[in-house]
Protein chains: 2
Amino acid sequence: MAIPILLDDFDHRLLALLQDDAARTLTALGEAVGLSPSAVQRRITRYRKHGLLQQVAVLDSTAFPAVVLAAVWVTMERESVRTLNAFYARMRAAPEVQQCYQLAGDWDYLVIMATTSVGAYREAAERLFKVDGNIKRYETRLVFDTVKRGLRLPTQAPSARSRRRG
Amino acid sequence: MAIPILLDDFDHRLLALLQDDAARTLTALGEAVGLSPSAVQRRITRYRKHGLLQQVAVLDSTAFPAVVLAAVWVTMERESVRTLNAFYARMRAAPEVQQCYQLAGDWDYLVIMATTSVGAYREAAERLFKVDGNIKRYETRLVFDTVKRGLRLPTQAPSARSRRRG
DNA sequence: TATGAAATTCCCTAAAC
DNA sequence: GTTTAGGGAATTTCATA
């Protein structure tokens, strides 16, 4: 889907910085990687045009004591293209669904949910995971504590990073 | 930890907008919620000072075909304060660990990992989840497909939103 | 105490090189 | 890739309800 984009060392370092803090100025980014602000800007524009990067605000979940997080494992009864597409559409459309991954193994999907109460979670789960011809079984595990939360991706192997440093 | 912060309707709407796209200008945000750019800026500054919000870049994981995502369930042998703190510190320090949640039920923790190869995942898992006096058991499920990915939190009940609209 | 408007500063953007 | 110039946004100040 996305057009392949070739990344050099500057790109990898910029993407790492931006994943930590996207509010930095082009000047600060340029100083960090050894590039002029204009060069940094051109690169970031390129990332955006390729749909590689989007800037979002991440809220501190502990600041919202009412928020209920839950992990749900799901297995499908039989995966016809039609029912699967419907499931995907439901996951993407539902504001309660934060993340949804297809897994290898006995469980087909992992879904991370976020709601404002256990009641709201129950409602959403019954609506989204109703056991019918599509979904065979699902299990809910409420989140007691958030140890770490982020979406950071490594864009190059750790060995390449340390090799370059050493 | 975080100082409680009282949020009004303007705040809820701003936080919703910012969670979708943190690159909007203060003017655009102000027009969307019916506030002057100055007022919007003051509120966002307040969120930042309270540690409520941070701006990050989220990368399109499909644009990095080499990236391997994995979900790991973990159970602890015996949860002494010392070993637990060590585990928490390890999770937070490891760049391969994206998310880590303590769960209700038979599995104690869910860990979402992101590495640049299956080899790198294996290395990281052996290092982070080594079965010893601390960790009893862990199971890995590789992610085949990402249906949805985000960290959006609802800051107020959906009923409150629709009630206000209707 | 929080607002909106105006003035200043700084940054982003798009040229030209 | 850098440097430069211009427009625009963020930030501060100020008057106000």
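Every chain is numbered from 1, with letters handed out A, B, ... down the list of sequences.
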> Measuring from the side chain of A:Arg42 (C-beta onward, heavy atoms only), which nucleotide among C:dG4, C:dA15, D:dT3 has the closest atom?
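When the side chain of A:Arg42 is considered, C:dA15 is the closest of C:dG4, C:dA15, D:dT3.
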> I'd like to know if A:Asp60 and A:Arg149 make a salt bridge, using a cut-off of under 4.0 Å between side-chain N and carboxylate O.
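The answer is no: the pair does not qualify as a salt bridge.
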> Tell me if the CZ atom of B:Arg127 is crowded by more than 12 foreign heavy atoms within 6.0 Å.
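Above 12, so yes.
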> Counting the atoms with a prime plus P, OP1 and OP2 as sugar-phosphate, which does B:Arg43 contact under 4.0 Å by heavy atoms, base, sugar-phosphate, or nothing?
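Here B:Arg43 touches the backbone only, sparing every base.
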> Parallel under 30°, tilted from 30 to 60°, perpendicular over 60°: which one fits the rings of B:Phe129 and B:Phe87?
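Answer is tilted, since the angle falls between 30° and 60°.
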> Can the ring centres of B:Trp73 and A:Trp73 be said to be less than 6.0 Å apart?
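Under 6.0 Å, so yes.
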> Suppose we call a contact any N or O donor and acceptor under 3.5 Å apart; does that hold for the side chain of A:Ser38 and the base of D:dT3?
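Indeed, a donor on one side and an acceptor on the other fall under 3.5 Å apart.
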> Tell me: CD1 of A:Ile44 to P of C:dC11, nearest whole Å?
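My rounded result for the distance is 14 Å.
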> Taking only heavy atoms on the protein side, list every residue of residues 23-33 of chain A lying under 4.0 Å from any atom of DNA chain D, sorted numerically.
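When residues 23-33 of chain A is checked for heavy atoms under 4.0 Å from DNA chain D, there are no hits whatsoever.
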> Below 4.0 angstrom from OP1 or OP2 of D:dT11, is there any side-chain N or O of B:Gln41?
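Yes, within the criterion.
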> DNA chain C: A:Arg48 or B:Gly34, which has the more 5' nearest nucleotide?
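In this pair, the answer is B:Gly34.
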> B:Leu35 has an atom CG; how far is it from atom P of D:dA10, in whole Å?
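Checked: the CG to P distance equals 14 Å.
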> Under 4.0 Å between a side-chain nitrogen and a carboxylate oxygen: does that hold for A:Asp108 and A:Lys136?
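A:Lys136 and A:Asp108: not salt-bridged.
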> Is A:Asp106 salt-bridged to A:Arg137, cutoff N-O under 4.0 Å?
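Salt bridge flag = no for A:Arg137 with A:Asp106.
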